[in-house]
2 protein chains.
Amino acid sequence: MRDTKTAVQEIRAFNRFYTDIIGLLDAHLLDSEYSLSEVRTLYEIHIGKSVQASQIMTAMHIDKSYLSRLLKKLEKDGLICKTPSEEDARATLISLTGKGLKVFKTLNKASDEQINELISNLPVRKQEELVNHMKSIMDILQHK
Amino acid sequence: MRDTKTAVQEIRAFNRFYTDIIGLLDAHLLDSEYSLSEVRTLYEIHIGKSVQASQIMTAMHIDKSYLSRLLKKLEKDGLICKTPSEEDARATLISLTGKGLKVFKTLNKASDEQINELISNLPVRKQEELVNHMKSIMDILQHK
DNA sequence: AATAAATAGTGGACTTTGTCCACCATTTAT
DNA sequence: ATAAATGGTGGACAAAGTCCACTATTTATT
């Protein structure tokens, strides 16, 4: 392994840098009617097709009661539907409704555009900084 | 510019991936007596040596009233001191006290160790995933 | 010089996000 | 048959952060 100090410093610098970028994206996304966690929940249901609450919970690293409430809102808005699992009467299976899929796709598209705009507007200086950070980290990982 | 769809998708995939990693780090750091924002505030004061509240605010993208409260706590704990600015009577200059520097260094070291541990324990699969994400993004930026 | 507008910061009230805990129902293990 | 684990809900609460109104200066405008 190469010099640990440098590697760690580099990763922390990248974290600060990238946390900032993600923060900006997240902030922009907040105009929507749905919170970040709600959108993320829709995403998890979307890719899982038909999932249990506990699976979403694990994927998102959130508390089950919080998830329960997120799901409640999404259900109230008619974006998801719950059906009792046939194998396990404790569990309910969650899936997107037609409306849910539509809303998800809309939000997703908005997010794509956001990112696209970010890429287009990223000043060259920031781009170079990002690339340099990434190079260092790749270097660290490949030599560890 | 290359295929936009792919580029945007790739960046979003990386965001999800890296948000997860950062989340883990942040969660681990929470054992400390100080919150993430408080530590970040100490960091900003540390690198700025002697700064105004408004500078920290801009760097951290947080509300001024929230920062005011963060500073109040740090001051109460004797980690920072405020002195009225001589050029501008509206402003106060903020700097770390001896104790503040000591605490910051301790927290900083803990954070370093955290990252170090993360690197050491990152499964090869995750490492490769990270490197692949980064390669794609660098590729995107360099061809845009 | 007088006043309008901008800048720096504080504190009250509030919202959002998320956790902890107690609880019910069902299922699996002993 | 019963203990323990799993899946989920809801109450109470904590943490993080925003919005707004206010004070005190400072800078710009007439």
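The sequence lines fix the lettering, A, B, ..., with proteins before strands; numbering per chain opens at 1. Worth knowing before you read on, the calculation uses all heavy atoms, side chains too, and leaves out hydrogens, waters and symmetry mates.
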*Closest nucleotide of DNA chain D for B/Leu70 versus for A/Asp88: which of these residues is on the 5' side?*
A/Asp88
*Test item: side-chain donor near acceptor, A/Asp20 and B/His61, under 3.5 Å*: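 Judged by distance alone, the side chains do pair up.
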*asked:* Could you tell me if B/Asn15 and A/Tyr18 have a donor-acceptor pair between their side chains, going purely by distance under 3.5 Å?
replied: yes
Check side chain to side chain donor-acceptor pair (under 3.5 Å) between [X] and all other residues, then give those that pass, not counting sequence neighbours.
X: B/Asn132; answer: none
X: B/Thr92; answer: none
X: B/Asp77; answer: B/Tyr34

_For a quick test of reading the model: is some side-chain N or O of B/Lys73 closer than 4.0 Å to OP1 or OP2 of D/dA16?_
no
_Phosphate OP1/OP2 of C/dG9: any B/Thr92 side-chain N/O under 4.0 Å_ =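 Yes.
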Integer-rounded Å distance: [N] [atom2] and [X] [atom1]:
X: A/Glu87; N: C/dT26; atom1: CD; atom2: P; result: 16 Å
X: A/Lys72; N: C/dG18; atom1: NZ; atom2: P; result: 17 Å
X: B/Glu86; N: D/dT25; atom1: CD; atom2: C1'; result: 16 Å
X: A/Leu67; N: D/dG8; atom1: CG; atom2: C1'; result: 10 Å
X: A/Tyr66; N: D/dG11; atom1: OH; atom2: P; result: 17 Å
X: B/Asp63; N: C/dT7; atom1: CG; atom2: P; result: 16 Å
X: B/Tyr34; N: D/dA16; atom1: OH; atom2: P; result: 14 Å

Hey, is the main chain of [Y] close enough, under 3.5 Å, to the side chain of [X] for a donor-acceptor pair?
X: A/Ser68; Y: A/Lys64; value: no
X: B/Ser111; Y: B/Leu107; value: no
X: B/Gln55; Y: B/Gln52; value: yes

*Pull out every residue in residues 36-62 of chain A that has a heavy atom closer than 4.0 Å to any atom of DNA chain D, ordered by number, or say none.*
A/Gln52, A/Ala53, A/Ser54
*If you look at every strand shown and take non-hydrogen atoms under 4.0 Å, does B/Ser85 touch a base, only sugar-phosphate, or nothing?*
nothing
*Quick one: the side chain of A/Arg69 and the base of D/dG11, do they pair up donor-acceptor inside 3.5 Å?*
yes
Show me the protein contacts with nucleotides 21-24 of chain D, counting only N or O atoms at under 3.5 Å.
none

*Output every pair passing salt bridge (charged side-chain N to carboxylate O under 4.0 Å, His left out) with a member in residues 38-48 of chain B, not counting sequence neighbours, ordered by first then second residue.*
B/Glu38-B/Lys73, B/Arg40-B/Glu44
